[in-house]
Amino acid sequence: MVTPGLQASLYPQQNTFKLTRPDLEEVIAWKEGKFRFGKTNIKNIMRQMARWYDMNVIYAGNVDEVQFEGILSRKAAAAQLLEAIAATGDVHFKIEGNNVTVFPGKGE
């Protein structure tokens with residue numbers, strides 16, 4: 001039974017689902033016009049940005065261990081948000097039209 005404060009995730013391959021207690025501030029941040037990340041993997045961040053900004057994300061290199069924490073405005077342009085994330089030095093991006101390539105580490 002799912003009760004308030006819990007989130008159910010379906011895993012069809014295993015024919016099961018899992019109940020978790022998500023970070024509610026992160027889950028409802030869209031209502032405030034923000035992206036809110038609490039030690040969130042870059043792939044999860046890019047998946048959210050891809051949906052919001054209608055862009056394709058390509059990964060060039062291993063970024064599986066890269067995580068971020070922070071709050072970004074959904075009103076900002078995608079390029080501004082990518083620039084803010086790249087300023088950490090953990091990843092960098094190449095933008096070509098609607099395609100964004102994510103690279104590990106600092107750019108040139």
Side-chain angles (χ1 to χ4, degrees):
M1 177 183 284
V2 180
T3 59
L6 293 178
Q7 175 178 314
S9 300
L10 178 63
Y11 298 93
Q13 298 83 3
Q14 292 87 23
N15 197 27
T16 187
F17 69 93
K18 179 179 176 184
L19 292 177
T20 57
R21 192 169 299 278
D23 179 347
L24 295 180
E25 288 184 6
E26 188 174 323
V27 172
I28 63 170
W30 64 269
K31 187 174 154 186
E32 301 169 350
K34 298 176 183 170
F35 291 107
R36 182 183 297 262
F37 306 116
K39 294 185 180 177
T40 304
N41 182 279
I42 186 66
K43 290 185 176 182
N44 188 327
I45 292 170
M46 295 308 298
R47 184 172 48 251
Q48 290 182 48
M49 288 186 66
R51 279 189 242 138
W52 186 256
Y53 293 105
D54 191 29
M55 59 188 191
N56 303 310
V57 179
I58 303 156
Y59 297 95
N62 185 359
V63 293
D64 291 341
E65 302 298 319
V66 178
Q67 296 183 344
F68 292 98
E69 189 167 343
I71 301 169
L72 300 168
S73 173
R74 289 182 184 258
K75 295 177 184 175
Q80 289 178 300
L81 298 181
L82 296 174
E83 186 176 309
I85 294 170
T88 66
D90 291 332
V91 294
H92 64 280
F93 305 95
K94 180 178 179 182
I95 304 169
E96 295 177 313
N98 240 20
N99 296 320
V100 176
T101 305
V102 182
F103 298 90
K106 290 187 177 197
E108 298 173 15

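One is the number of the first residue; the rest follow in order along the sequence.
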Measuring from atom OG1 of Thr88 to atom NZ of Lys106, what distance do you get when rounded to the nearest 0.5 angstrom? 9.0 Å

Is Ile58 linked to Tyr53 within one hydrophobic cluster, defined over Ile, Leu, Val, Met, Phe, Trp and Tyr using a side-chain heavy-atom separation of less than 4.5 Å? no

By side-chain hydrogen bond (donor to acceptor under 3.5 Å, both in side chains) - contacts of Asp64 (at least two apart): Lys43

According to the interplanar angle, ranging from 0 to 90°, do the rings of Phe103 and His92 count as parallel (below 30°), tilted (30 to 60°) or perpendicular (above 60°)? parallel

Would you check if the side chain of Gln48 reaches a backbone N or O of Ile45 as a donor-acceptor pair within less than 3.5 Å? no

Pairwise side-chain contact, Ile85 with Asp90, heavy-atom cut-off 4.5 Å (strictly under): no

Find out if a path of hydrophobic residues (ILVMFWY) with successive side-chain heavy-atom gaps under 4.5 Å connects Phe37 to Trp52. yes

Using the rule that two of Ile, Leu, Val, Met, Phe, Trp, Tyr join whenever any of their side-chain heavy atoms come within less than 4.5 Å, decide whether Leu19 and Tyr11 are in one cluster. no

Between Arg36 and Ile71 (side chain of the first, backbone of the second, donor and acceptor by atom type, cut-off under 3.5 Å), is there such a pair? no

Qualifying residue for side chain to side chain contact (heavy atoms under 4.5 Å, CB included) with Phe68, from Asn41, Thr40, Val91: Val91

Verify the neighbour count for atom CD of Gln14: are there more than 12 heavy atoms of other residues, nucleotides or ligands below 6.0 Å? yes

Note: Gly61 and Pro104 closest approach over all heavy atoms is CA-CD, 4.0 Å

On a heavy-atom basis, the closest approach of Asp54 and Asn98 is O-ND2, 2.9 Å

Looking only at heavy atoms, the pair that brings Phe93 and Met46 closest together is CE2-SD, 3.9 Å

Interatomic distance, NZ@Lys34 vs CZ@Arg74, rounded to 0.5 Å, equals 11.5 Å

Let me confirm one number: the CE-CD1 distance from Met49 to Ile42, rounded to the nearest 0.5 Å. 8.0 Å

Does the side chain to side chain contact (heavy atoms under 4.5 Å, CB included) test come out yes or no for Ile95 and Leu82, once each step is laid out? CA-CA 10 Å; Ile95 304 169; Leu82 296 174; 3.8 Å; yes

Ignoring hydrogens, what is the shortest heavy-atom contact between Phe35 and Leu81? Give both atom names and the distance. CE1-CD1, 3.7 Å

